[in-house]
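Working notes for the structure below.
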Amino acid sequence: MDCRQIYTFLFIPFLFISGQAQPSSPVWHGSTSVIPLPAVMDFASGQVELNAQLTLYADKRLFTSFDPVIVFTDIFEEKIKYKIPVRDLTAQHQRDNSKIEISLDTTLTQEGYELDIYDTGIFIRASASAGVFYALQTLRQILNLDNLSNPNHTKGSWDLISMEIRDEPRFPYRGMHLDVARHFMPLDFVKKYIDLISYYKMNTFHWHLTDDQGWRIEIKKYPKLQTIAAWRDETLLGHYSDVPVTYDGQKHGGYYTHEQIKEVVAYAAQRGVTIIPEIEMPGHAQAALAAYPELGCTPGPFKVAKTWGVFEDVFCPNEITFTFLQDVLDEVMDLFPSKYIHIGGDECPKARWNESAFCQDLMKREGLKNAEELQSYFIQRMEKYVNSKGRRIIGWDEILEGGLAPDATVMSWRGTAGGIAAAKLDHDVIMTPGPPCYFDHYQSDPAFEPLAIGGYTPIEKVYEFDPVPQGLLPKEQTHILGGQGNVWTEYMTTPSHVQYMAFPRAIALAEALWTPTEKKDWKNFSSRLINHFDRLDRMDINYATHVIMPQADVESQPEGLSIIWKSTMAPPYQFIYMSQNPQDEVWQLVNSGDTFMLTTPANIYYKSETFAKTSQHTSSSEERSESLQPKVSPVKMISYNPSKSRTSKISVSPQPSERYPGRGGIKALTDGLIGNKFFNGQDWCAWDGDRVVIDLKFDELTSIDSFTLGILSSSQAWIYPPESVEVKGSTDLENYIDLGTFDLSGMPAGRNDAKFQLPGTKVKALRFSILPVQEIPSGMPGAGHEAWTFIDEISIY
Ligand code: ACM
């Protein structure tokens with residue numbers, strides 16, 4: 001049956017007839033969906049009818065760094081068609097209760113605010129522009145101004161619960177990053193990104209403007225940055241690790257002019273957002289070298305990179321380079337008023353410096369012991385220059401190597417170790433560790449996701465993020481300024497794809513950085529987040545919907561595989577569908593709590609349709625039909641393929657890594673549930689470097705024709721197919737004879753089933769001895785380390 005039919009048939013009666021689905025009072029629940037959750041939000045008894053004909057009275061001493069009311073009054077005018085008059089608080093006016101009064105309270109922090117909604121009006125207190133802005137952003141969310149299907153908008157009034165909010169952020173630095181070098185993003189999208197950052201009370205936009213693949217900021221003194229460095233001939237298609245590589249044959253590029261940058265900086269400032277520009281040095285410089293080869297250590301020529309990774313041609317630490325970079329930073333600092341300037345510092349290979357007579361000589365002259373110290377010399381010189389202009393530098397955590405520049409703030413990305421080390425050295429830190437802060441990672445099963453760089457960072461993990469790591473003394477903890485989500489765009493070619501990767505993970509991060517730890521609650525957050533879907537729709541954001549993914553609890557039973565469906569929200573808000581045939585759109589409605597038994601091989605697909613809780617408040621029929629569009633979750637698959645191994649007794653030596661123990665332990669290797677190409681799925685068992693011996697014992701003599709090993713291969717993640725598997729068989733459980741050694745090397749990337757014949761074999765036991773790759777080959781990620789071996793499943797036929 002078509003799911004749309006099920007939906008119309010079942011959903012409508014539930015929603016409008018069932019007493020359960022209707023709230024017992026007409027009070028509008030938008031108020032419970034503020035993100036990030038305020039530190040204190042108390043609901044008083046009593047309802048407030050708020051008339052849209054508001055007047056705003058403000059203490060103009062609060063309009064210090066920017067005008068904090070204009071974004072609110074503009075959105076109000078756009079959505080409600082009413083321009084709120086803004087008057088001076090101190091002047092004498094005849095006032096009724098339809099008012100917002102904004103007054104100065106110097107006891108509050110810069111970003112803190114108090115917001116009271118009483119029947120006598122709305123009262124805001126703050127000590128600075130930022131606090132006022134955040135109070136009004138909270139009010140904007142409470143009034144749900146961004147969702148036009150809210151009936152209050154046409155009614156011209158709101159029925160609210162009386163409330164008192166006391167709020168301030170947990171961390172002063174709450175950032176989102178965007179890489180516009182790998183893929184250029186249009187200016188309008190950059191503004192939209194800033195809108196979203198500020199809607200969720202983040203205050204920093206880290207704009208990654210230069211990299212090997214493109215230079216995106218106009219520098220008037222160096223025109224070839226615009227004509228050459230801003231463009232690449234073509235771009236890699238598919239994944240970086242694909243063999244063979246292919247390119248799209250299309251020129252790609254672009255840059256932002258000074259005028260455009262000024263416009264964005266002003267736009268951000270009005271939203272309480274500081275833009276920190278990043279100019280990468282000394283690595284990730286190939287685009288600049290393509291324009292000005294004299295900045296390299298070898299003569300070139302260089303080309304703007306068209307593939308991803310880390311490149312050996314970097315800025316040479318010569319005087320031409322320092323002059324160039326100082327000139328660049330002069331223009332950058334003229335455009336960006338931020339206290340911080342990010343100068344990169346990450347992933348700078350030292351090969352060219354080690355081969356360069358100039359660099360060797362420089363190191364001797366400066367008493368530098370190695371190339372790491374030369375990098376530190378480079379960064380410290382640039383820091384001195386930036387400091388001389390009254391600014392401070394931020395660098396990625398590699399700037400710790402070879403000695404940290406005296407005043408640098410460290411952005412910890414390779415885990416938290418760099419951040420911990422910097423804080424212990426009395427330096428400020430911004431935490432942005434790969435998982436959970438890299439939003440270029442997969443957020444669900446890659447089988448159903450657009451191509452991404454790798455990794456696995458589901459939104460729940462982002463929400464759990466606490467930027468303050470264990471093991472810091474209280475004084476050191478104060479150096480953790482906050483955190484940031486990073487959006488590297490190698491695999492994101494469009495704004496729409498960026499939105500899908502960044503949102504709603506950035507929203508979860510916004511709450512993790514704002515809300516007091518003890519107030520954080522995933523279930524509560526996820527239900528507020530679903531209530532924001534309507535608003536994000538109105539903002540035309542292509543956000544990901546994994547948060548409404550229903551759960552499927554899978555367990556191996558004697559008769560087969562049981563699947564118990566679990567919704568993340570009860571009906572009428574969420575419906576779960578399963579299918580064995582999604583290509584034909586044949587979906588069957590299932591109930592949360594139902595068990596589905598699989599006894600034969602099958603692929604089972606499942607998904608949900610979810611309705612925002614705010615939908616029920618819609619009254620007019622036209623708006624109702626609009627707001628009843630469900631959100632459809634991504635699809636997930638369970639793959640069941642039982643074989644003779646399912647009934648065997650399995651033992652393994654050594655045990656798999658604690659990180660990848662298999663679902664329910666080593667039984668996962670024979671349970672018939674097949675691991676997909678997503679290595680963070682629970683089905684895989686994995687070992688870090690050891691030879692693995694797997695014994696399967698059958699109750700009786702069993703005929704065998706073949707066996708299959710499910711194997712994962714991902715050089716990016718240090719996962720290699722084993723070199724070989726040696727198989728032995730026994731008829732008496734004591735004496736084992738050789739059945740053959742099978743070559744497993746050279747498998748393509750991804751998930752593979754290696755199938756081997758064992759014709760005419762009758763055994764009571766099989767022993768698989770799996771020989772892993774001993775050392776990751778040079779030139780590959782993790783070179784020199786032991787490789788991971790990932791197995792699921794062992795099937796016997
Ligand atoms: C980085 O991801 N290279 C900072």
Side-chain angles (χ1 to χ4, degrees), residues 173 175-183 204-216 239-241 276-288 305 307-315 340-350 372 375 378-379 382 393-402 404-405 408-422 427-442 452-457 462 465 467 481-492 498 501-502 505-506 509 716-718 781-782:
Y173 186 108
M176 279 298 292
H177 150 287
L178 182 64
D179 164 16
V180 293
R182 273 49 178 269
H183 281 99
T204 308
F205 171 45
H206 170 174
W207 206 357
H208 184 79
L209 287 162
T210 73
D211 216 300
D212 300 299
Q213 297 81 4
W215 184 284
R216 305 279 174 240
H239 199 273
Y240 161 74
S241 57
I276 297 180
E278 180 181 357
I279 305 297
E280 271 271 18
M281 61 189 81
H284 289 291
Q286 204 169 292
T307 182
W308 320 123
V310 173
F311 297 84
E312 299 210 323
D313 289 307
V314 301
F315 285 124
Y340 294 111
I341 302 294
H342 201 307
I343 61 167
D346 60 319
E347 298 181 321
C348 179
K350 307 297 187 301
E372 280 66 39
Q375 156 136 347
F378 193 118
I379 297 290
M382 292 314 300
I393 64 159
I394 299 180
W396 299 108
D397 58 46
E398 285 93 332
I399 65 169
L400 279 151
E401 294 161 9
L404 192 51
T409 296
V410 171
M411 205 167 251
S412 189
W413 72 280
R414 296 175 301 173
T416 53
I420 292 170
H427 281 248
D428 285 345
V429 172
I430 296 149
M431 280 295 185
T432 171
C437 290
Y438 270 44
F439 300 160
D440 55 343
H441 289 179
Y442 283 107
I453 194 161
Y456 176 53
T457 300
V462 180
F465 177 53
L481 303 182
Q484 175 174 287
N486 290 343
V487 183
W488 301 100
T489 57
E490 286 95 331
Y491 300 97
M492 298 170 217
V498 170
M501 299 302 278
R505 287 188 286 193
L509 181 64
Q716 290 288 311
W718 307 14

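Both counts, for ligands and for their atoms, begin at 1 and track the order of listing.
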Identify, by atom number and element, the atoms of ligand 1 in contact range of [X], meaning under 4.0 Å from any of its heavy atoms.
X	answer
Trp488	1 (C), 2 (O), 4 (C)
Glu347	3 (N)
Tyr438	1 (C), 2 (O), 4 (C)

(request) State whether the side chain of Asp313 and the backbone N or O of Gln286 hold a donor-acceptor pair below 3.5 Å, judged by distance alone. (result)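 Checked: no pair found.
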
(message) Please list the nearest protein heavy atom to atom 3 (N) of ligand 1 with its residue and the distance rounded to 0.1 Å.
(response)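 Closest protein heavy atom to atom 3 (N) of ligand 1: Asp346 OD2, 2.6 Å.
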
(request) Return the orientation label for the His208 and Trp488 ring planes: parallel under 30°, perpendicular over 60°, tilted otherwise. (result) perpendicular

(request) Please work out which of the three classes, parallel, tilted or perpendicular, describes the rings of His177 and His206, given edges at 30° and 60°. (result)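 Perpendicular, since the angle between the ring planes exceeds 60°.
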
(message) We want to know whether Glu280 and Trp215 form a side-chain donor-acceptor pair, criterion being a heavy-atom distance below 3.5 angstrom.
(response) no

